[in-house]
Participant: 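Below is a structure I'd like to ask you about.
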Amino acid sequence: MYRTHTCGELRPLHVGQTVTLAGWVHRQRDHGGITFLDLRDRYGIVQVVADPSRPEVHAAQEARAEWVLGVTGVVRRRPAGAENPHLATGEIEIEATRVEVLNPAKPLPFLINKDEETEEAVRLKYRYLDLRRERMQRNIILRHKVVKFIRDYLSERGFIEIETPMLFKTTPEGARDYLVPSRLQPGMFYALPQSPQQLKQLLMVAGFDRYFQIARCLRDEDLRGDRQPEFTQLDLEMSFVERDDVLDMVEGLFTAMVKQLLPHKRLLASPWPRLTYRQAVERFGTDKPDLRFGMELYTLNDIFAQTDFMVFQNVLKSGGVIKCIVAPGCADYTRKEVDDLTTFCKEQGAKGLATLALTAEGVKGTAQKFIKPQEEQAIQSLTGAQTGDLVLFIADSAAVANKTLSALRLLFRDRLKLADPNLLAFAWVVDFPMFEYNEEEKKWDAAHHPFTMPKMEDLPKFETDPSQILSDAYDMVLNGYETASGSIRIHRPDIQQKVFQLLGLKDEEIQAKFGHMIEAFQYGAPPHGGMAPGIDRLVMIFADEPNIREVIAFPKNQAGRDLMADAPSPASEKQLNELHIRLDLKKTD
RNA sequence: GGUCCCGUGGUGUAGCGGUUAACAUGCGGCCCUGUCAAGGCCGAGAUCGCGGGUUCGAAUCCCGUCGGGGCCGCCA
């Protein structure tokens, strides 16, 4: 038997018992006449004491960090004054009667027993060692608890967990698909699911009523700190529900989860705030606002209606907006600091940045000479800006102004530490537009997806102005991240047809791509809707981690490579032949 | 596709035109009976990612390239 107990569980009540433990050498302190070993497993650390004069415990002296040992000994209370309050097992120690090397270890590429920053490429190459570290163990265990909580909570409420295929069908809309060539059907391809969207809707047609799945989703797009090519969603769908039924269910789930799993975190508000898409963009410049702090955006078009400043005039004439935010206590920014902000704004697409510094010696800044005293007064009373603050103006198209000011807002959040890291600002963003115009391809795209239900009262606008059609789509946002999105779905074939037509899909195309959906909806489809919270992002935020890779056991790097296994890698000639694939690698541009 | 930042012993850093390339930690050896980031002494370990250029002289400046990361585009 390798062990009778785990390293983390021994307490004074075990004193006198003979126990057998197995684990890794966390640290070793050899004093010559006595040797201490900290033996570690995932449950904790316990101190083993070995007397080197006893040959059966001699291995304690030769052991090095991360060797795997088997230890037998007697649990005893530590001598008075030698307790370690930093260890859960710190009141006791194991007096070893046997120390056996189960497996030695080479010196490691980085230290397990220390949470020192290590280049991520090295961590990813030796991910199995990185995962042995306390930080990663904590994250992966938290992730397990989150998923377990979801399964329990939803099961108790009548939800059925159903698996859907990984090999499915490519779809025209949305993200780039990962394709899988078919051996049995030459020239044909499966697609790995971007989400189980269609399948969960068909499960509603099938009468399952309340479905969920911890579902792997795959999208072949460029990576970011919060985006991996494969990620996990809580996929969820309900029949005979309206929007608020779905929101209430998910809000209840995460409110209860935070209370149980994250007692050190506070919710910003309960019930969660709700913003319309329009309000969110107007006030924060984004549809995923971080509500942990203020610094809202203000529109100044009215105040500058009579401006003499040519730049502002031109923007107003061309239908743009003048908006600002107030950076508290930043009036003393130097010329260089303001220049750096300007550069930042230009990187976001803005043409420039105007500033107004409200200093004790008066108003300064690049916009000072263009802004009349009464305009400045109006800005102060609108925004509440005070002496010592720096007002930042962007005059541009609404889209660029919002995007730039939103980015500035987050920049100042981090720079001025405006957001409480222990605050969870969940919120709902509702009433998204149904369609977005794709300038590049001169056509309408679905803002969420083509199965989203337009607002009934907006149906006439299909003929007049599709840009004004709102939908029953909604997002869950948390601390500036989009953490879920969903919608009430179309269950009427006539409305579905209208949407497909507006998206420019030809009838044959609709049949080929979505025929199974259209047909299914003709056999008694219940009204239904759902959503899909992103597990990785949520756990990342819950674990206070700066990127999604820290909560995924084996993530890809920014180039989509697995640095440990070195994937992707070439396929053999034989494999390619079986799949009827010939490579064409000549283009290198 | 674009753009910005980073590559110095195993790991983390210093050095930023002339150094035997420094420090910590880890590693090896020796000493040490109460430590818990144990301590003390000794030692090994880096052609400074790679290639080219500038210079009397390059880890240091320039160009390219490779690797890694952030952001924009993209992500229904």
Side-chain angles (χ1 to χ4, degrees), chain A residues 26-39 45-53 61 64-66 78-87 89-90 93 95 106-126 129-130 171-177 194-195 197-198 217-229 231 340 343-350 400 403-404 407 410-411 414 432 434-436 438 440 443-452 471 473 482 485 487 499 503 505 532 534 546-547 549 557-559 561 563 589:
Chain A
H26 192 66
R27 285 204 177 81
Q28 185 237 40
R29 294 176 293 279
D30 181 359
H31 288 228
I34 186 171
T35 298
F36 299 98
L37 281 179
D38 291 341
L39 199 66
I45 291 172
V46 67
Q47 175 166 282
V48 175
V49 187
D51 175 354
S53 63
Q61 263 190 320
R64 292 293 178 268
E66 301 306 315
R78 292 196 186 190
E83 301 90 351
N84 185 348
H86 303 297
L87 282 186
T89 60
E93 62 192 8
E95 183 181 14
K106 294 203 297 184
L108 271 50
F110 49 80
L111 302 180
I112 305 296
N113 57 21
K114 231 171 132 181
D115 185 29
E116 92 185 328
E117 284 296 318
T118 307
E119 196 188 329
E120 204 179 344
V122 178
R123 293 176 53 202
L124 290 177
K125 179 171 180 187
Y126 300 96
L129 297 179
D130 190 37
T171 49
E173 303 266 327
R176 194 176 292 114
D177 281 321
Q194 298 177 24
S195 81
Q197 183 60 39
Q198 296 184 27
C217 304
L218 300 106
R219 299 179 187 175
D220 188 5
E221 297 292 348
D222 286 1
L223 283 68
R224 285 286 191 289
D226 63 349
R227 272 168 28 194
Q228 281 276 303
F231 59 100
D340 288 347
T343 304
F344 176 81
C345 291
K346 286 180 176 168
E347 283 165 5
Q348 298 295 320
V400 169
K403 177 177 169 235
T404 306
L410 296 183
L411 179 83
D414 299 336
F432 275 76
M434 181 74 196
F435 300 104
E436 287 166 351
N438 184 332
E440 210 171 299
K443 70 180 190 70
W444 290 99
D445 283 344
H448 183 54
H449 60 59
F451 309 109
T452 300
S471 69
E482 177 196 315
S485 73
S487 63
V499 171
L503 293 175
L505 290 167
N547 75 65
R549 297 182 294 276
N557 76 356
Q558 198 173 46
R561 299 207 320 136
L563 294 178
D589 52 337

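Computed from heavy atoms alone, side chains included, the values below leave out hydrogens, waters and symmetry copies. Each chain gets a letter, A, B and so on, in the order its sequence line appears, and its residues count up from 1.
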Participant: For A59(B), which nucleotide is its Watson-Crick or G-U wobble mate, given both distances must be under 3.5 Å?
Facilitator: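 Partner of A59(B): none.
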Participant: Give me the distance, rounded to whole Å, that separates G18(B) from U25(B) when you measure between the P atoms they each carry.
Facilitator: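 Comparing P positions in G18(B) and U25(B) gives a spacing of 29 Å.
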Participant: How long is the straight-line distance from CZ of Phe36(A) back to CD of Gln28(A), given to the nearest 0.5 Å?
Facilitator: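 Those atoms lie 11.5 Å apart.
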Participant: Expressed as a whole number of Å, how far does the P atom of G7(B) sit from that of C62(B)?
Facilitator: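 Nearest-Å result for G7(B) against C62(B) at atom P: 13 Å.
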Participant: Using a cut-off of less than 4.0 Å, is there contact between a side-chain N or O of Arg64(A) and OP1 or OP2 of G28(B)?
Facilitator: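 Yes, within the criterion.
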Participant: Taking all non-hydrogen atoms of both residues, which atom of Asp177(A) and which atom of Thr171(A) are closest, and how far apart?
Facilitator: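 What the structure gives for the nearest pair is OD2-N, 3.2 Å.
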Participant: Classify Ala82(A) by what it touches in the nucleic acid, base, sugar-phosphate, or nothing, heavy-atom distance under 4.0 Å.
Facilitator: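 Here Ala82(A) touches the bases of the nucleic acid.
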Participant: Where is the tightest heavy-atom contact between Pro79(A) and Glu93(A), given as atom of each residue plus distance?
Facilitator: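 Heavy atoms of Pro79(A) and Glu93(A) come nearest at CD-OE2, 3.8 Å.
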Participant: Rounded to the Å, how far apart are Glu95(A) CD and G34(B) P?
Facilitator: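 Value for this atom pair: 16 Å.
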Participant: Rounded to the nearest 0.5 Å, how far apart are CD of Gln348(A) and OG1 of Thr343(A)?
Facilitator: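 Gln348(A) atom CD to Thr343(A) atom OG1 measures 12.0 Å (nearest 0.5 Å).
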Participant: Any donor-acceptor pair under 3.5 Å between the side chain of Arg78(A) and the base of C36(B)?
Facilitator: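 Between C36(B) and Arg78(A), which were checked side chain against base, a qualifying N/O pair under 3.5 Å is present.
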Participant: Grab the two heavy atoms, one from Glu221(A) and one from Arg176(A), that are nearest each other, plus how far apart they are.
Facilitator: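 So the two residues come closest at OE2-N, 2.8 Å.
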Participant: Report the distance from atom CD of Gln228(A) to atom CZ of Arg219(A), rounding to the nearest 0.5 Å.
Facilitator: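 These two atoms lie 13.5 Å from each other.
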Participant: What integer number of Å spans the P atoms of G49(B) and A14(B)?
Facilitator: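 These two P atoms come out 14 Å apart once rounded.
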Participant: Out of G69(B), C27(B), G34(B), which has the shortest distance to the side chain of Arg549(A)?
Facilitator: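 Closest of the options to the side chain of Arg549(A): G69(B).
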Participant: Just jot down the side-chain hydrogen bond (donor to acceptor under 3.5 Å, both in side chains) partners of Arg227(A), sequence neighbours excluded, or say none.
Facilitator: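 By the side-chain hydrogen bond (donor to acceptor under 3.5 Å, both in side chains) rule, Arg227(A) matches no residue at all.
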Participant: What is the minimum heavy-atom distance between Pro52(A) and Ala50(A), and which atoms define it?
Facilitator: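 Nearest heavy atoms, Pro52(A) then Ala50(A): CD-O, 3.4 Å.
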Participant: Can you tell me how far P in C6(B) sits from the matching atom in G45(B), rounded to whole Å?
Facilitator: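 To the nearest whole Å, 31 Å.
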Participant: Applying a 4.0 Å non-hydrogen cut-off, can you work out what Glu93(A) is touching in the nucleic acid: base, sugar-phosphate, or nothing?
Facilitator: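 Base: the residue Glu93(A), judged by heavy atoms under 4.0 Å, touches a nucleobase.
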Participant: Take atom CD1 of Ile112(A) and atom P of A37(B), then tell me their distance rounded to the nearest Å.
Facilitator: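 One finds 18 Å between P of A37(B) and CD1 of Ile112(A), rounded.
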Participant: Should Arg561(A) be listed as having a side-chain N or O under 4.0 Å from OP1 or OP2 of G67(B)?
Facilitator: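 Negative; the distance criterion is not met.
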Participant: If we call it a pair only when both distances are under 3.5 Å in a Watson-Crick or G-U wobble match, what pairs with G64(B)?
Facilitator: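 Partner of G64(B): C50(B).
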Participant: In whole Å, I'd like the distance from the CZ atom of Arg123(A) to the P atom of G12(B).
Facilitator: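 Spelled out: CZ on Arg123(A) to P on G12(B) is 11 Å.
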Participant: Which part of the nucleic acid does Lys403(A) contact within heavy-atom distance under 4.0 Å: base, sugar-phosphate only, or nothing?
Facilitator: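 If one applies the 4.0 Å heavy-atom cut-off, Lys403(A) turns out to touch the sugar-phosphate alone, with no base involved.
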Participant: What's the verdict on side chain to side chain contact (heavy atoms under 4.5 Å, CB included) for Glu120(A) and Leu563(A), showing C-alpha distance, side-chain angles and the deciding distance?
Facilitator: CA-CA 10 Å; Glu120(A) 204 179 344; Leu563(A) 294 178; over 6 Å; no
Participant: Under the side-chain hydrogen bond (donor to acceptor under 3.5 Å, both in side chains) rule, collect the residues that match up with Gln558(A), sequence neighbours excluded.
Facilitator: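 Partners of Gln558(A) by the side-chain hydrogen bond (donor to acceptor under 3.5 Å, both in side chains) criterion come out as none, since no residue qualifies.
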Participant: Could you tell me the Watson-Crick or G-U partner of C41(B), where both distances fall under 3.5 Å? Say none if there is no partner.
Facilitator: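 By the stated definition (distances under 3.5 Å), G29(B) pairs with C41(B).
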Participant: Given atom CD of Gln47(A) and atom P of U33(B), what is their separation to the nearest angstrom?
Facilitator: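 Taking atom P of U33(B) as the reference, CD of Gln47(A) is at 17 Å.
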Participant: Using the P atom in both, what is the distance from C4(B) to C75(B), to the nearest Å?
Facilitator: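 Between the two P atoms, the distance is 24 Å.
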Participant: Got a list of protein N/O to nucleotides 38-49 of chain B N/O distances below 3.5 Å?
Facilitator:
residue: A38(B); atom: OP2; partner: Arg27(A); partner atom: NE; Å: 3.4
residue: A38(B); atom: OP2; partner: Arg29(A); partner atom: NH1; Å: 3.3
residue: A38(B); atom: N6; partner: Asp30(A); partner atom: O; Å: 2.9

Participant: How far does the C1' atom of U8(B) sit from the matching atom of U13(B), given to the nearest Å?
Facilitator: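 One C1' to the other, the span is 9 Å.
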Participant: When the P atoms of G2(B) and A58(B) are considered, how many whole Å apart are they?
Facilitator: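 The same atom, P, in both gives a distance of 33 Å.
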Participant: Within the 4.0 Å heavy-atom criterion, would you say Glu83(A) contacts the bases, only the backbone, or no part of the nucleic acid?
Facilitator: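 Answer is base: heavy atoms of Glu83(A) come under 4.0 Å of a base.
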Participant: Counting any heavy atom closer than 4.0 Å, what does Ser485(A) reach on the DNA or RNA strands: base, sugar-phosphate only, or nothing?
Facilitator: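 Nothing, no nucleic acid heavy atom in range.
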Participant: How many angstroms lie between CG in Asp30(A) and CD in Gln61(A), if you round to the nearest 0.5 Å?
Facilitator: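 The CG atom of Asp30(A) sits 4.5 Å away from the CD atom of Gln61(A).
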Participant: So Ile45(A), base contact, sugar-phosphate only, or nothing? Heavy-atom distance under 4.0 Å.
Facilitator: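 Nothing, no nucleic acid heavy atom in range.
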Participant: If I take atom CG in residue Leu129(A) and atom P in nucleotide G26(B), what distance separates them, rounded to the nearest angstrom?
Facilitator: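 Interatomic distance, CG of Leu129(A) to P of G26(B): 17 Å.
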Participant: In the strands shown, is U3(B) matched to any nucleotide by a Watson-Crick or G-U wobble pair with both distances under 3.5 Å, and which?
Facilitator: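 Partner of U3(B): G70(B).
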Participant: Taking atom P in both U47(B) and U11(B), what distance in whole Å separates the two?
Facilitator: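 Nearest-Å result for U47(B) against U11(B) at atom P: 12 Å.
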Participant: Mapping Ala559(A) and Leu87(A) to their closest nucleotides on RNA chain B, which lands nearer the 5' end?
Facilitator: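 In this pair, the answer is Leu87(A).
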Participant: When we call it a touch if two heavy atoms are under 4.0 Å apart, what does Gly81(A) touch: a base, just sugar-phosphate, or nothing?
Facilitator: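 No contact.
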Participant: So, is Gln558(A) close to the G70(B) phosphate, meaning a side-chain N or O under 4.0 Å from OP1 or OP2?
Facilitator: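 Yes, within the criterion.
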Participant: Less than 3.5 Å apart, which donor and acceptor atoms pair up between the side chains of residues 106-115 of chain A and the rest of the protein, not counting sequence neighbours?
Facilitator:
residue: Asn113(A); atom: ND2; partner: His26(A); partner atom: O; Å: 2.9

Participant: Quick one: side-chain hydrogen bond (donor to acceptor under 3.5 Å, both in side chains) partners of Asp222(A), sequence neighbours excluded?
Facilitator: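 Once residues adjacent in sequence are excluded, Asp222(A) has no partner under the side-chain hydrogen bond (donor to acceptor under 3.5 Å, both in side chains) criterion.
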Participant: Rounding to a whole Å, what distance do you find between Asn557(A):CG and G70(B):P?
Facilitator: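 After rounding, the reported distance stands at 9 Å.
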Participant: Reckon Ala447(A) touches a base, only the sugar-phosphate, or nothing at all at heavy-atom distances under 4.0 Å?
Facilitator: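 Counting heavy atoms under 4.0 Å across all strands, the contact made by Ala447(A) is with sugar-phosphate only.
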Participant: Ignoring hydrogens and angles, does a donor from either the side chain of Asp222(A) or the base of G73(B) sit under 3.5 Å from an acceptor on the other?
Facilitator: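 Yes, a donor-acceptor pair under 3.5 Å.
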Participant: Nearest whole Å is fine: how far is C74(B) P from Asp177(A) CG?
Facilitator: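 It works out to 18 Å between those atoms.
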Participant: Please list each protein N or O that sits under 3.5 Å from an N or O in nucleotides 4-11 of chain B, with the distance.
Facilitator:
residue: G10(B); atom: O2'; partner: Pro109(A); partner atom: O; Å: 2.8
residue: U11(B); atom: O4'; partner: Pro109(A); partner atom: O; Å: 3.2
residue: U11(B); atom: O2'; partner: Glu116(A); partner atom: OE2; Å: 2.9

Participant: Nearest whole angstrom, please: distance from the C1' of U35(B) to the CZ of Phe36(A).
Facilitator: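 Value for this atom pair: 4 Å.
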